[in-house]
Amino acid sequence: MFYSGGDGLKTLFVYCSEDDTINSLCRESAFKKSEAESLQLSSCSGKTLFSRYLDAVRSRSSVITKDYAVDFNDYDRIIIACDEFAGEVSPEMSVFIKSNDFRYKNVDCIVFGDGRGALRAKDGLKVRISLSGGTVRNCVSVSTKKLKKEEEDLLFSIRHRLAI
């Protein structure tokens, strides 16, 4: 589902989290920013990582390509945010990146998580976007506990962390 706003630099904010609180913070933040559009990738909470990956790959040809096909030329900024799962990018985000052409685009990335797993997921996100033709300009990890505790405007906070 897309949420769009007014004039200015157009930002596409693509996010996917298994945590409903994080998803609602992302959604609320996108509503506040008139220049941002957001796209929430559906998450299969309650399933194992392996079954989520299989579901995402199986639906790639029909659901992801049809519903989540994006023309990145319409946007000045692209921000991608997702959970880390055992040091990897979420399956839904991985399939989204493979299904879209990021050629010649600069992308800012956020990984929701802490520790070594988040560092590995950040590296994996950089590699996937590079393989899709894009360039990762900034990549940060954000603690989900801290984010949920503060309940701040996510895009505002992330823009300051990413310096965009």
Side-chain angles (χ1 to χ4, degrees), residues 1-5 9-47 49 52-53 55-56 59-60 63-72 74-100 102 105-114 117-118 120-126 128-129 132 134 136-162 164:
M1 175 182 286
F2 278 106
Y3 303 103
S4 63
L9 290 176
K10 285 188 73 176
T11 301
L12 176 64
F13 180 44
V14 181
Y15 62 94
C16 179
S17 178
E18 191 173 62
D19 190 316
D20 291 334
T21 305
I22 298 295
N23 281 328
S24 70
L25 286 172
C26 290
R27 209 174 12 260
E28 288 171 17
S29 182
F31 276 133
K32 291 178 186 176
K33 303 299 178 199
S34 61
E35 76 278 3
E37 291 185 10
S38 68
L39 172 62
Q40 178 183 355
L41 303 180
S42 62
S43 174
C44 305
S45 59
K47 292 187 176 185
L49 179 63
R52 285 178 63 193
Y53 182 76
D55 288 348
S59 66
R60 177 179 175 190
V63 176
I64 298 287
T65 306
K66 181 181 169 191
D67 294 342
Y68 299 143
V70 176
D71 182 9
F72 293 116
D74 294 341
Y75 302 99
D76 302 311
R77 242 184 244 131
I78 301 168
I79 301 172
I80 290 180
C82 66
D83 291 331
E84 65 92 7
F85 292 95
E88 286 295 322
V89 177
S90 68
E92 296 84 4
M93 187 60 73
S94 181
V95 170
F96 173 79
I97 292 169
K98 287 179 186 177
S99 300
N100 285 287
F102 285 82
K105 289 295 175 184
N106 291 321
V107 181
D108 296 300
C109 302
I110 300 100
V111 175
F112 301 122
D114 298 310
R120 288 193 307 267
K122 283 171 34 178
D123 290 340
L125 199 52
K126 289 177 187 177
R128 282 176 174 77
I129 291 171
S132 186
V136 175
R137 187 171 58 177
N138 296 306
C139 192
V140 297
S141 59
V142 178
S143 168
T144 52
K145 289 179 185 176
K146 183 178 178 184
L147 195 61
K148 286 165 52 173
K149 182 180 176 185
E150 294 175 1
E151 291 189 7
E152 61 186 341
D153 185 339
L154 187 66
L155 281 176
F156 178 79
S157 171
I158 288 168
R159 284 191 176 149
H160 286 285
R161 291 177 190 176
L162 293 174
I164 57 172

Do the side chains of [Y] and [X] get nearer than 4.5 Å, heavy atoms only?
X      : Y      : result
Ile97  : Leu125 : yes
Tyr15  : Ser38  : yes
Met93  : Leu41  : yes
Val140 : Asp108 : no
Arg77  : Leu12  : no

When you measure from the side chain of [X] to the backbone N and O of [Y], does any donor-acceptor pair fall under 3.5 Å?
X      : Y      : value
Asp83  : Glu18  : yes
Lys105 : Phe72  : yes
Asn106 : Arg137 : no
Ser132 : Gly134 : no
Asp76  : Lys10  : yes

Those residues that, when tested against Asp71, pass side-chain hydrogen bond (donor to acceptor under 3.5 Å, both in side chains) (two or more places apart):
Asn73
How would you list, by chain and number, every residue that makes a side-chain hydrogen bond (donor to acceptor under 3.5 Å, both in side chains) with Arg128, sequence neighbours excluded?
Glu88, Ser94
